[in-house]
Amino acid sequence: MGYDFKNIEKKWQAYWAKNQTFKADNHSKKPKFYVLDMFPYPSGAGLHVGHPLGYIASDIIARYQRHRGFNVLHPQGYDSFGLPAEQYAIQTGQHPAKTTEENIKRYREQLDRMGFSFDWSREVRTSAPEFYKWTQWIFLLLFDHYYCKEADKAKSIAELKKYFEKEGNLTIKAVCDSDTPSFTAEQWHSFDTTKKEALLLKYRLTYLSETEVNWCADLGTVLANDEIINGVSERGGFPVTKKKMKQWSMRIGAYAERLLQGLEEIDWPDSLKEMQRNWIGKSRGAKVFFQIEGHNKKIEVFTTRPDTIFGVTFMTLAPELDLVQELTHPDYKGAVTAYIEETQKRTQRERMADVKNCTGVFTGAYVIHPFTKERIPIWIGDYVLADYGTGAVMAVPCGDQRDYDFAKKFQIPIKNIFKGVSLNEEAFTDKGTAVIDQSDFLSGLTHKEAMKVVIQELEKQKCGEGTINYRLRDAIFSRQRYWGEPIPIYYKNQQPQAIPVKQLPLTLPKVENYLPTQEGAPPLGNADQWAWDTKKEKVVANKYIDHKDVFPLELNTMPGWAGSSWYFNRYMDAANDTAFAGEDALNYWKEVDLYLGGSEHATGHLLYSRFWQKFLYDLGLVPVHEYAKKLINQGMILGTSAFIYRKAGTQTYLSSNLVDSTEKVEPIRVDVNLVNSADELDIEKVKQWQPQFKEAIFERYQGTFKVAREVEKMSKSKYNVVNPDEICAQYGADTLRMYEMFLGPIEQAKPWNTAGISGVYNFLKKYWRLFYEEDQWIVQDSEPTKKELKVLHETIKKLREDIENFSFNTCISALMIGVNELTALKCHKSSILSPLTILLSPFAPHIASELWEHLGNKTLLDFEEFPLAEASYLVENTKNYPVSFNGKMRFTLELALDLDQSAIQEAVLNDLRTVDYLAGKTPKKWIIVPNKIINIVY
RNA sequence: GCCUCGGUGGCGGAACUGGUAGACGCGCUGGAUUCAAAAUCCAGUUCUUUCGGGAGUGUGGGUUCGAUUCCCACCCGAGGUACCA
């Protein structure tokens, strides 16, 4: 019989479920430990072997920490709003909630088979009304707050109103839209409610504005910047264009500096922090105001090089700017309008494709240089982005390559303001060696000096000031989709109004059709029941709109990242229906101690969730302002696709070792599950697999037909998906878990290769044989030898170190070494095997539980103490001893007393260098452990 | 282009602060057991060699008694970002 993983795994999974072994308590004297996975989107395809990688790692940590006496919170849930379910609904008419429910069921079955120690009593689903009630609640909190720069935190809109009543907005330091007009307290009092509301909206942390958005026509929705990769949509790869639309946005920009600062406090991968830093994109420079000639307005520009201000020879505005229409000289109107239309038509991808080929037109207008008072022509060009800085740049062709290219192309003069530099080929952009010239009071200064002087002068003359700019844009929060959280807002006199909090959740209405309406409104426009009755405080039918108390509801829904921006707090108290999480629970669990997930969320989820956490912290609703202390990015598991080669134009396929360069062949993918571990294809199965192979001829080489391999992303369309269910059925969950960890370092991307799994499987069988011989229990109670103890304690030491460094692949190596040595020693002693089994349990919990039960008939494996190596034979009997060499250096050798003499002599004699070191004083009773030289003294 | 990380056998990968490079596993080779297969066990497996050795961690330099590890330059790969003024 041997190692019967099927029954063992079934038995223990049932036991854990029945006893709720992994249910975490919100009250405990033990220290807490919260280990979290990024929750999955339950897709229709189910899990493949790559998905559980992070869950296995987190489960090892969770089980390890329980052994170490922590009260562990290890929850799981589903990020269940999303596009695929909705696309499926459009095609089939099936309600996304139903598809989602089915997918979740499938996911749960697959997860359960792998023996994870999740506390399922805390499961969350972002698409459940009990959950999104609180997502909507947070949305309304954001709607009801603004960002006070003085206090450097969010404050309520009520406070803002009071301020306006007293002082208007002339002195307030708050984050707001760039086009916010100034007003005094008197003016404020004179405004009607609608006007007041419109002004307040410019301050709210979630606000409505007419913005240039990334419009994806194929998906019928707008996309956030992080949802666009290389100018096309992340999902589907469709083209993206710019479009002006009224959209909800999140004022994440208000938190830019704090999001940057917070990175210093958290233990996240450097690469990921760097990505967030770049995304936030802080740059120091100055604002400069240029007076428009014959006009009462000024153009404000942002520049990081105010020191080059005397090199300005033209000005470029983004074509989208409203100001362009206003200042364009009538003679140039035609050209300018044509150019603007042209740029609007281009997709983002086209725009990116010809970066080299700069375009633009002259507006016929001029500004006045603040220092030289020269006339400077105003151009527009699409290399200037409307939504960065002020959408206007002072062009310094001598110091900026883009300005240089633009000037060359349109034959605008280039003024050289650098000493001893040639500008024939390109602009001079080196800040380190620049010496300013031809620049009045800046001449002769270095870049650094000139920066200081010019900012002082700008501020003195009130035509500019030193400033800091961020690349981080406010995040668009509206999606023209059905399957998302409804935004709890209705419109009265065109102004957004909050749904009363006690009426949440505002649940999704039924619709017949998940496509946009004929008028182009989002899918919620199809709902018959989607209006808000302010008197009854409930949703009513649309036909009552314009009755006295009934108003239209918002038709957009929230984006995918809404629910995931706060779900980690919900797990702390998932069943609470009076708060998003109870205060006690929040104060007990505080933050995630270890968060595992992919680095693809670096500038999306992981930034937005930090922003929401900081906002909730400002309101005193959560106890910490960074929610995840440590984060690990697990690497992707890639597929190993299999290829066969078809002779061009025939139905003949060649074994990969028959292909030579003279033959014209086409590589064709075949299902990896039809290939054995020696890369040999099962031809009979291929013939049944797809009709095109039924009549095909397969040319073998020496009796076998081999495929070629290539590593690529695991996906259904590449026929390289390996299903964990099948691996579990064939080798068991414990083998799968260990093998995934054994593949390589957790952070690294690595290819899946089923062939290698036998190593781990053999290990578990070998482990079993330490306990059973031909189904006879052979474990005895006798005293362990020192050698056996040494093996055990070396394993403990290595394992503990490696688990704490998340180096699971080397952990497993250490276990294998230990087991090999004990097998060689024929050790079947319970005093050795009991602690070893606890060591094994985080990795292979089922087999460990089973053997543990046989060993000690004690209670639960899960609350035994993890063994310590500190008190071990190895450590206690080892001393460090200094030895000199060549009279120059001093080494410290680790010594183990008490080992037999022949072993020492062998070790010493086999290593010439070691003998040299110890010439003349080779110790009789010492063994030299190499690589332990820790100190060199000259 | 810029930022970040990486480059070690046939393969996945070890090597903590510089100290016997290639742990562990896969694969491969030979052997034992078996009617045979599976399973299991044992031995070998960086390259090269005239069997003394010699070479070897992407390339070329440097520091050091000693470098996969530190420094400089370059080449290659992965990820991020992209007219950010």
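Lettering follows sequence order; numbering is per chain, from 1. We use all heavy atoms of the structure for the numbers below, so side chains are in, but hydrogens, waters and symmetry mates are not. Here the structure is a predicted model, which is why all the values come from computation and not from measurement.
I817(A) comes within 4.0 angstrom of sugar-phosphate atoms only, judged by non-hydrogen atoms across all strands, and of no base. Using a 4.0 Å heavy-atom cutoff across all strands shown, Q401(A) reaches no nucleic acid atom at all. No engagement by P269(A) is indicated, since no non-hydrogen atom pair under 4.0 Å with the nucleic acid exists. Nucleic acid contact class of R769(A) (heavy atoms, under 4.0 Å, all strands): sugar-phosphate only. Across all strands, N762(A) comes closer than 4.0 Å only to sugar-phosphate atoms, never to a base (heavy-atom distances).
As a whole-Å value, the separation of L764(A) CG from G25(B) P is 13 Å. For M816(A) and C24(B), the CE to P distance is 11 Å, given to the nearest whole Å. Between the NZ atom of K798(A) and the P atom of A14(B) there is a distance of 10 Å, rounded to whole Å. For the pair E300(A) CD and A85(B) P, the computed distance is 16 Å after rounding to whole Å. Rounded to whole angstrom, the span from the CG atom of D474(A) across to the P atom of C84(B) amounts to 21 Å. The distance between atom CG of L799(A) and atom P of C16(B), rounded to the nearest whole Å, is 18 Å. We find that CD1 of I757(A) is positioned 17 Å from P of G13(B), with the value rounded to whole Å.
Pairing for G6(B) goes to C76(B), judged as Watson-Crick or G-U wobble with the two contacts each under 3.5 Å. U81(B) is paired with G1(B) under the criterion used here, namely a Watson-Crick or G-U wobble arrangement in which both key atom distances are under 3.5 Å. Pairing for C11(B) goes to G25(B), judged as Watson-Crick or G-U wobble with the two contacts each under 3.5 Å.
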Could you go through the side-chain hydrogen bond (donor to acceptor under 3.5 Å, both in side chains) check for E712(A) and S641(A) one step at a time? CA-CA 7 Å; E712(A) 44 190 3; S641(A) 305; 2.5 Å; yes
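Residue S271(A) is the one, among R471(A) and S271(A), whose nearest nucleotide of RNA chain B lies closer to the 5' end (criterion: closest heavy atom). For N820(A) and F302(A), each mapped to the nucleotide of RNA chain B holding its nearest heavy atom, the one lying further toward the 5' end belongs to N820(A).
You'll find a donor-acceptor pair under 3.5 Å spanning the side chain of R473(A) and the base of C84(B), going by distance alone.
For the contact set between residues 279-287 of chain A and RNA chain B, defined by any heavy atom under 4.0 Å, the members are W279(A), S283(A). Near RNA chain B, meaning a heavy atom under 4.0 Å away, the residues from residues 387-399 of chain A are Y388(A), V393(A).
Taking only side-chain nitrogens and oxygens, R402(A) comes nearer than 4.0 Å to OP1 or OP2 of C84(B). The side chain of K765(A) places no N or O atom within less than 4.0 Å of a non-bridging phosphate oxygen (OP1 or OP2) of A39(B). In this model, the phosphate group of A14(B) is approached by a side-chain N or O of N809(A) to a distance below 4.0 Å at OP1 or OP2.
Partners of E320(A) under the salt bridge (Lys or Arg N to Asp or Glu O under 4.0 Å) rule, at least two apart in sequence or in another chain, are R351(A).
Syn is the classification of G9(B), since its glycosidic angle stays within 90° of 0. Shown here, G52(B) is classed syn by the O4'-C1'-N9-C4 or O4'-C1'-N1-C2 angle, which is within 90° of 0.
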